[in-house]
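A short worksheet on the structure shown next.
Atoms within each ligand, like the ligands themselves, are counted from 1 in listed order.
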Amino acid sequence: MNYQEKELIIFDLDGTLADSKAPLDNDMADLVIKLLERKKVAVISGGTFSQFEKQFLSNLPASTDLLKNLFLLPTTGTRLYAWRDSGIEKNSAELSAGWHQDYSENISPEDRNNIIKSINETWEEAGYRLPEQIFGERIEDRESQVTFSALGQEAPLDLKKAWDPDKSKRQRIVSILKDKIPHFDVSMGGSTSVDVTMRGVNKAYGVNKLSDFLKIPIDKMLFIGDEIIPSGNDYSVKEAGVDCINVSGKRETEEIIKELL
Ligand SMILES: [Mg+2]
């Protein structure tokens, strides 16, 4: 693969640029800023925009001049945010910080309620016991996405990593839930989570939207993620034909960025 001809570098966030829900560290922030000086960069994650702000943007001291090269796709590509000078047409809500939302593919409230009910049924049918302690919300309604986190959104990282290291629990949940809500996309997100979005609205959808907006063809893109496996939430990007590199964590991502530079 020729890195030099890639114009847009797309990253997953949790497990790729940072540990799950953990802030971007200084080394990674430096590398991302250097990359923004040369390429367009996008980040696609299951988290919400406010999670992006907390975890990523607040630890990325990039100048506003560089931010126009950055594109944010929270909630698995169901939404796209661009900096005000990015060249993308502003047709939707402006945010005070200078980010504007270009689109949001929301699920109807009725469908969201049905999804939440189906997630609860799935957990029972899968035969898993309720964790002794739950940290924060377990099922979060993010409007364009419903996210189930087995131990709760705010669970400590070590507990999250120990819960389903071989992904078998989440795979079981995904397979049961898919049958209950066939009109939605169901995929594994972070280390304990499963995300539900509109059918066909996934990371690949976000990538194709970016391709249209930026006039960058798929073969000029590179995607780096840690869940590029069937039923993983990064897999759709590979299916869309984007060159992908699967990483085991942020240290491997750093090495790739260094090669890109
Ligand atoms: Mg990930």
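For Asp234, every N, O or S atom stays at 2.8 Å or more from the Mg ion (ligand 1).
The closest approach of Asp226 to the Mg ion (ligand 1), by N/O/S atoms, is made by OD1.
Annotation for Asn26: atom CG does not count as buried by contact number, only 12 or fewer foreign heavy atoms lying within 6.0 Å. More than 12 heavy atoms of other residues, nucleotides or ligands sit less than 6.0 Å from atom NZ of Lys250.
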Output side-chain donor-acceptor pairs under 3.5 Å for residues 170-178, partner residues at least two apart or in another chain, one line each.
unit_1	atom_1	unit_2	atom_2	d
Arg170	NE	Asp164	OD2	2.8
Arg170	NE	Ser191	O	3.3
Arg170	NH1	Gly190	O	2.7
Arg170	NH2	Asp164	O	3.4
Arg172	NE	Ala126	O	3.3
Arg172	NH2	Ala126	O	3.4
Ser175	OG	Arg172	O	3.4

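Geometry at the Mg ion (ligand 1): OD2/Asp12 and O/Asp14 form an angle of 80°, nearest 10 degrees.
Between the side chains of Asn246 and Glu252, no donor N or O sits under 3.5 Å from an acceptor N or O.
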